[in-house]
Amino acid sequence: MASLETYSENTYSTLLYLSLEGIDVRSVPLDHIASHVGKASGIATILRSVPYLLQKRAVILPVDVCAQYNVKQEDMIRQGSDAIGLRDAIFHIATTANDHLITARTMLTQAGSEAKGPGFHVLLAAVPISLFLERLERVNFDIFDPSLRRHEWKLPYRAYKAFVMRRI
Amino acid sequence: MKRPKVSDCRLLKKTGAMLRRRAYSSARAVGDAEVLSARSYCKDLLRQYDYSSHLLNAFIPPAGRDTHLAIRAFNVDIARVADSVSNAMAGRFRMQYWKEAVGKTFAGAPPSEPIAKLLASVLQRGHRLTKPFFTRIIQERVCSFAW
């Protein structure tokens with residue numbers, strides 16, 4: 001799980017840091033918030049890719065989480081969402097991503113006007129992640145559910161609302 | 001009393017900025033038409049593979065939109081390497097190509113790749129991006145997918 005978080009930090013958080021540099025905003029509190037948003041983004045993206053990678057017989061879920069819930073690779077490939085322990089493992093990983101989002105939201109409320117200035121726009125990347133995690137919760141953490149692959153029609157409204165209220 | 005560092009010197013910073021601008025003006029500048037077509041390419045790539053980023057680009061302040069487009073298009077391209085190549089060797093070559101492309105773009109001579117051209121135009125306009133961030137992203141993806 002820790003290596004998944006490192007991967008997310010080094011890939012997705014770095015994209016946010018670059019976007020912040022692109023609007024010439026250099027701020028330590030914003031970087032901290034971006035780090036958590038990036039980690040949540042990376043974890044959610046990995047979760048999204050699980051069904052596609054299982055078709056290619058590749059398992060990308062953290063080994064420690066799979067061991068904790070006795071999830072076996074062969075079970076995942078053959079039985080899909082019926083594999084023992086898979087939903088619990090997905091719940092565990094999705095909760096970690098959600099915890100990062102919650103931390104980012106808390107830091108944003110505490111950061112004050114600096115974080116709600118021009119740099120805030122970059123943090124809107126948290127909105128699609130939040131929407132995906134909500135959808136995942138609604139399907140009871142069944143990562144194979146087809147509704148997870150459907151277009152997110154709520155995104156424009158939620159992004160605009162987050163933008164106006166300065167809350168991710 | 002703390003000794004002032006050489007890097008704090010304002011004159012040195014101004015000279016550095018002036019030399020960087022000179023370096024870009026003497027290197028191959030990205031023309032307006034190229035920027036338009038690169039922007040359109042990146043938007044189409046995002047519309048197809050990362051719709052969320054495509055939509056959220058409208059919320060980014062106008063000065064930062066090209067950077068955001070270029071960065072997200074770069075991410076899509078890098079992330080799709082595993083899906084779009086047929087073997088591990090081709091994947092490694094693609095990653096190596098990107099490492100070199102980033103180096104050339106920061107040196108002011110971008111390859112004829114729309115994403116690199118858009119990035120070069122952003123750097124030409126004076127935005128300071130950190131090159132190690134790009135190399136970190138490439139390196140992390142190379143290591144994580146164990147080619």
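Model, not experiment: these values are computed from the prediction. We name chains A, B, ... by the order of the sequence lines, and we start the count at 1 in each one.
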Notebook entry, point to check: Are B:Phe59 and A:Leu108 grouped together when hydrophobic residues (ILVMFWY) are joined by side-chain heavy atoms under 4.5 angstrom apart?
Noted result: yes

Notebook entry, point to check: Picking from A:Leu15, A:Leu124, A:Thr11, which has the most non-hydrogen pairs under 4.5 angstrom with chain B?
Noted result: A:Leu15

Margin query: Are B:Val81 and B:Phe93 connected into the same hydrophobic cluster when the rule is that any two of I, L, V, M, F, W, Y join if their side-chain heavy atoms are below 4.5 Å apart?
Written below: no

Checklist line | B:Ile60 vs A:Val122, side chain to side chain contact (heavy atoms under 4.5 Å, CB included): CA-CA, chis, key distance, verdict | finding: CA-CA 7 Å; B:Ile60 302 281; A:Val122 166; 4.1 Å; yes

Note to self: Atom CD of residue position A:Glu137 - does it have more than 12 heavy atoms of other residues, nucleotides or ligands inside 6.0 Å?
What the structure shows: no

Margin query: Surrounding NZ of B:Lys43 (heavy atoms of other residues, nucleotides or ligands, distance under 6.0 Å), is the total greater than 12?
Written below: no

Note to self: What's the separation between atom CZ in B:Arg65 and atom OG in A:Ser19, rounded to the nearest 0.5 Å?
What the structure shows: 13.0 Å

Notebook entry, point to check: B:Arg72 versus chain A, heavy atoms under 4.5 Å apart: side chain, backbone, both or neither?
Noted result: side chain

Next item on the list: Return the option, out of B:Gly64, B:Pro61, B:Ala63, with the maximum number of heavy-atom pairs under 4.5 Å with chain A.
Entry: B:Pro61

Notebook entry, point to check: Among residues 160-168 of chain A, which ones touch chain B with a heavy-atom distance under 4.5 Å?
Noted result: A:Tyr160, A:Phe163

Check: Picking from A:Leu16, A:Thr14, A:Ile23, A:Asn10, which has the most non-hydrogen pairs under 4.5 angstrom with chain B?
Finding: A:Asn10

Next item on the list: Taking atom NZ of A:Lys72 as the centre, report whether more than 12 heavy atoms of other residues, nucleotides or ligands fall under 6.0 Å from it.
Entry: no

Review item, side-chain donor-acceptor pairs of residues 28-44 of chain A, under 3.5 Å, at least two apart:
{"residue": "A:Ser35", "atom": "OG", "partner": "A:Glu9", "partner atom": "OE1", "Å": "2.8"}
{"residue": "A:His36", "atom": "ND1", "partner": "A:His100", "partner atom": "ND1", "Å": "3.1"}
{"residue": "A:Ser41", "atom": "OG", "partner": "A:Val37", "partner atom": "O", "Å": "2.9"}

Next item on the list: Taking all non-hydrogen atoms of both residues into account, name the closest pair between B:Arg128 and A:Arg26 and its distance.
Entry: O-NH2, 2.7 Å

Notebook entry, point to check: Is it true that atom CZ of A:Phe144 has more than 12 heavy atoms of other residues, nucleotides or ligands lying nearer than 6.0 Å?
Noted result: yes

Next item on the list: Please list all pairs passing the salt bridge (charged side-chain N to carboxylate O under 4.0 Å, His left out) test where one or both residues lie in residues 141-151 of chain A, with sequence neighbours left out.
Entry: A:Arg87-A:Asp142

Next item on the list: Take A:Tyr12 and B:Asn75 through the test side chain to side chain contact (heavy atoms under 4.5 Å, CB included) and record every step on the way to the result.
Entry: CA-CA 9 Å; A:Tyr12 289 87; B:Asn75 181 56; 3.9 Å; yes

Margin query: Just to be sure I understand the criterion: a residue of residues 48-58 of chain B counts if one of its heavy atoms is under 4.5 Å from a heavy atom of chain A. Which ones qualify?
Written below: B:Tyr51, B:Ser52, B:Leu55, B:Leu56

Check: Would you find more than 12 non-hydrogen atoms of other residues, nucleotides or ligands less than 6.0 Å from A:Ile84 atom CD1?
Finding: no

Check: A:Glu21 side chain to B:His127 main-chain N or O, any donor-acceptor pair under 3.5 Å?
Finding: no

Margin query: Counting only heavy atoms from other residues, nucleotides and ligands, does the tally under 6.0 Å from CZ of A:Arg138 exceed 12?
Written below: yes

Margin query: Side-chain heavy atoms nearer than 4.5 Å, only ILVMFWY residues, links allowed to pass through others: does that put A:Tyr69 and A:Ile143 together?
Written below: yes

Notebook entry, point to check: Looking at CG of B:Leu129 and CG of A:Leu20, how far apart are the two atoms once the value is rounded to the nearest 0.5 Å?
Noted result: 11.0 Å

Check: Rounded to the nearest 0.5 Å, how far apart are CD1 of B:Ile137 and OH of A:Tyr17?
Finding: 11.0 Å

Next item on the list: Decide whether A:Ile77 and A:Val63 are clustered together by the hydrophobic rule: side chain heavy atoms of Ile, Leu, Val, Met, Phe, Trp, Tyr closer than 4.5 Å, transitively.
Entry: no

Note to self: Test of understanding: clusters of I, L, V, M, F, W, Y form through side-chain heavy atoms closer than 4.5 Å, transitively. Do B:Ile78 and B:Tyr97 belong to the same one?
What the structure shows: yes

